[in-house]
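Just so we're on the same page: letters track the sequence lines, and every chain starts at 1.
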There are 2 protein chains.
Amino acid sequence: MATMHDVARLAQVSVSTVSYVLTGTRPISQATRNKVLAAMAQLDYQPNAMARGLASRRSRILGLLMPMDERGLGATETAFVTGAAAAASVAGYHLVLSPVGGGDLDDLRRLASQRMLDGVVLMEVQLADERVTVLQEAGVPLVLIGRTGDTSTLSYVDIDFDQTVREAVAHLVGLGHRRIVYVNHSAATLASGYGPALRTRDAFTAAMTGHGLEPVMIAAEDSAAGGRAALAAAFAQAPELTAVLAMNETAIFGILGELTGRGLSVPDDVSVVSMVTSPQVAELATPALTAMTSPGSALGRIAIEALTRHLDGPADLRHQQLLPCALEIRGSTAPPRSRQPMGADQ
Amino acid sequence: MATMHDVARLAQVSVSTVSYVLTGTRPISQATRNKVLAAMAQLDYQPNAMARGLASRRSRILGLLMPMDERGLGATETAFVTGAAAAASVAGYHLVLSPVGGGDLDDLRRLASQRMLDGVVLMEVQLADERVTVLQEAGVPLVLIGRTGDTSTLSYVDIDFDQTVREAVAHLVGLGHRRIVYVNHSAATLASGYGPALRTRDAFTAAMTGHGLEPVMIAAEDSAAGGRAALAAAFAQAPELTAVLAMNETAIFGILGELTGRGLSVPDDVSVVSMVTSPQVAELATPALTAMTSPGSALGRIAIEALTRHLDGPADLRHQQLLPCALEIRGSTAPPRSRQPMGADQ
DNA sequence: GAACTTCGTCGAAGCGTTTCGACGAAGCGG
DNA sequence: CCGCTTCGTCGAAACGCTTCGACGAAGTTC
């Protein structure tokens, strides 16, 4: 493995000159630059990341901290990651994904204090998230995907849930639906302070009330069975429902299955809209789901851009931005068929 | 940020002594050790990863290279990652995930040559995989998930596709099915030399032939539409089929949808087995899918264990291991109903 | 053309660790 | 009680890079 010394010797310049060629921190004449570049190529020189990091006190590594639960990463999260990785690469940083679970607060503290990460993007932020505190205390530059309760001192990018829900509701209301049930994440998730669940709940209430309609929300476990149970609960609370709005990629398949099981067809009997869903998942269902598609890769890109700007520019700037999901109409929504309410169902 | 110097001064010992306490490379008296430990705690000392890495020539970081396509990570891959992360943590390593796409061979070469990764686990290996060559040339210790064509010099852990297919086929044959169609990945994927697709194809042929049955395989695009098309093709080739075996988590939903669309019920008319599928995904379908569940987290754990053993032990040992998937019977398989072949269907 | 800048390069001092050789103090067999 | 190991500790030299101050040489300005 060739070092900078070898390159300098071969090019007959000093080590510092080689360094300046590499980093561009000082002007170097074209002739010298060429000599150095040639030597580097000849030796197949690659700078040693550790030495560089030690001397410059910047690793040029960005961390993307993603809690990995057993559910896996949806296409949404994946788009997010690829968007972030691409942006990092453009900015001259490596992006590493760290699967830190919720319990590893100590692990996180260690990671942060070891000066191995120049900055961090945090996914799946809770309203009150200890990880934020740990990272802030360790002095690691930070950008959130999602928001904590108090956003005053933080940079974040998040989905504009308010706007997204409003648009979804408007779509259904525009088709003529009046009785719309919102299937949210589980009660436990709500209780744990998961921002998206809380924000969509409130947004749904506001949107429905704004249309003069009664908001009905059901909490569903993140499983197919949870979706089935949720649909049963929905019919119990609102027998005459004609549309379901859901933000729960797992439960939605249970909802669909249960609908079919009850002899109801989508979209003729019940319209279904899935929120924060990727096209890929929306296409899995039959019929394909009308969905609010999340701006996954844009979120990732923007988060990284905000972070690198923060690192490279000396500015102490905060970046706060909300992006709405885009309505993509597929086969699961239609005007309601005027039919008899399900009455004594279930 | 406290350094080792600060700790040494506070504990009134030399820097090297502090280092020995930390690394355990030389004996240290209990008394001294306690002094040092106390000083470290008092200063909230964290070793600087870069300095450590530079001096010791080992970063204690392991890379997990996973191509991220837009499909997202299934629960199988996720289990894999979490298994690997846990094992790395136990062995005292950090695990970082690097979303290197297929095109970034240069990026990979750079990553490998920068001495930032002590070792690498490579996912989604092709039969002829350039990444392997690049990494080997860069001298980075390597463990594969999956296998290249020539495995003689490599460490790997992989699914035992032969055994898995045999078991799946035996399950169906045991139920009385004779006419079984295998839905594989796309023709393009097969052509690109994707090991699992190739190996299961051959294993299926062998297993069916072993039972005296004719193997019928259909290549399906990785999409719901691909699954529908595949089922149509299957009925065209084998109108009297009573069972479908599939290894394509995306297509399977299309298959299921198309089956329903043709008025065929699962499992009464057609049994369905999904291979290399996680319980979570299997439960999404209605009825829940009988599946060959992949040993995801074990694969990850074993890969990392093999890698760390290779790094810590001086031995030049190779680790080659195959793990079968486990048959989990759910609601999508049953004995075939004796019914009229579909005849001029489609 | 004297007095300043700017340009291009060099040498050397770090960055925070690990690790090697050295060395006094014990412990031990004979 | 004399040589030998072993134990516990120290000082100093790496590790491979960045960055700072310095300094001729060349341009600029009046």
If the cut-off is 4.0 Å, is [X] near the phosphate of [N], judged by side-chain N/O to OP1 or OP2?
X       : N      : value
B/Thr3  : C/dG16 : no
B/Ser16 : D/dC10 : no
B/Ser56 : C/dT18 : no

Measure the distance from [atom1] on [X] to [atom2] on [N] and round it to the nearest whole Å.
X        : N      : atom1 : atom2 : value
A/Asp6   : D/dC15 : CG    : C1'   : 13 Å
B/Leu54  : C/dG14 : CG    : P     : 17 Å
A/Met4   : C/dG11 : CE    : P     : 14 Å
A/Gln30  : C/dC7  : CD    : P     : 15 Å
A/Arg52  : D/dT19 : CZ    : C1'   : 13 Å
B/Met116 : D/dC15 : CE    : C1'   : 15 Å
B/Met50  : C/dG16 : CE    : P     : 13 Å
A/Arg60  : D/dC17 : CZ    : P     : 16 Å

Name the residue closer to the 5' end of DNA chain D, choosing between A/Arg57 and A/Met1 according to the nucleotide with the nearest heavy atom.
A/Met1
For side chain to side chain contact (heavy atoms under 4.5 Å, CB included), just list the numbers for A/Leu323 and A/Ile302, CA-CA rounded to whole Å, side-chain angles, deciding distance to a tenth of an Å, and then say yes or no.
CA-CA 10 Å; A/Leu323 266 52; A/Ile302 291 171; 3.9 Å; yes
List the steps, then state whether side-chain hydrogen bond (donor to acceptor under 3.5 Å, both in side chains) holds for A/Thr17 with A/Ser14.
CA-CA 5 Å; A/Thr17 300; A/Ser14 74; 3.1 Å; yes
Student check: side-chain heavy atoms of B/His94 and A/Gln114 closer than 4.5 Å:
yes
Contact class for A/Val18 (heavy atom, under 4.0 Å): base, sugar-phosphate, or nothing?
nothing
Is B/Gln46 touching bases, backbone alone, or none of the nucleic acid, heavy atoms closer than 4.0 Å?
sugar-phosphate
Could you check which residues of residues 19-28 of chain B get a heavy atom under 4.0 Å from DNA chain D? Sort them by number, please.
B/Tyr20, B/Arg26, B/Pro27, B/Ile28
May I ask you to verify whether the side chain of B/Ser14 and the base of D/dG11 hold a donor-acceptor pair under 3.5 Å?
no
C/dG8 base to A/Ser29 side chain: any donor-acceptor pair below 3.5 Å?
no
Which residues pass the side chain to side chain contact (heavy atoms under 4.5 Å, CB included) test with B/Ala2, not counting sequence neighbours?
B/Asp6, B/Leu43, B/Tyr45
Verify salt bridge (charged side-chain N to carboxylate O under 4.0 Å, His left out) between B/Arg58 and B/Asp312, making sure each step is shown before the conclusion.
CA-CA 11 Å; B/Arg58 330 176 63 313; B/Asp312 295 333; 3.6 Å; yes
Applying ring pair (Phe, Tyr, Trp, His ring centres under 6.0 Å) to A/Tyr20 and not counting sequence neighbours gives none
Picking from C/dT17, D/dC17, C/dA12, which would you name as closest to the side chain of B/Ala55?
C/dT17
B/Asp118 bridged to B/Arg57 by N-O distance under 4.0 Å:
no
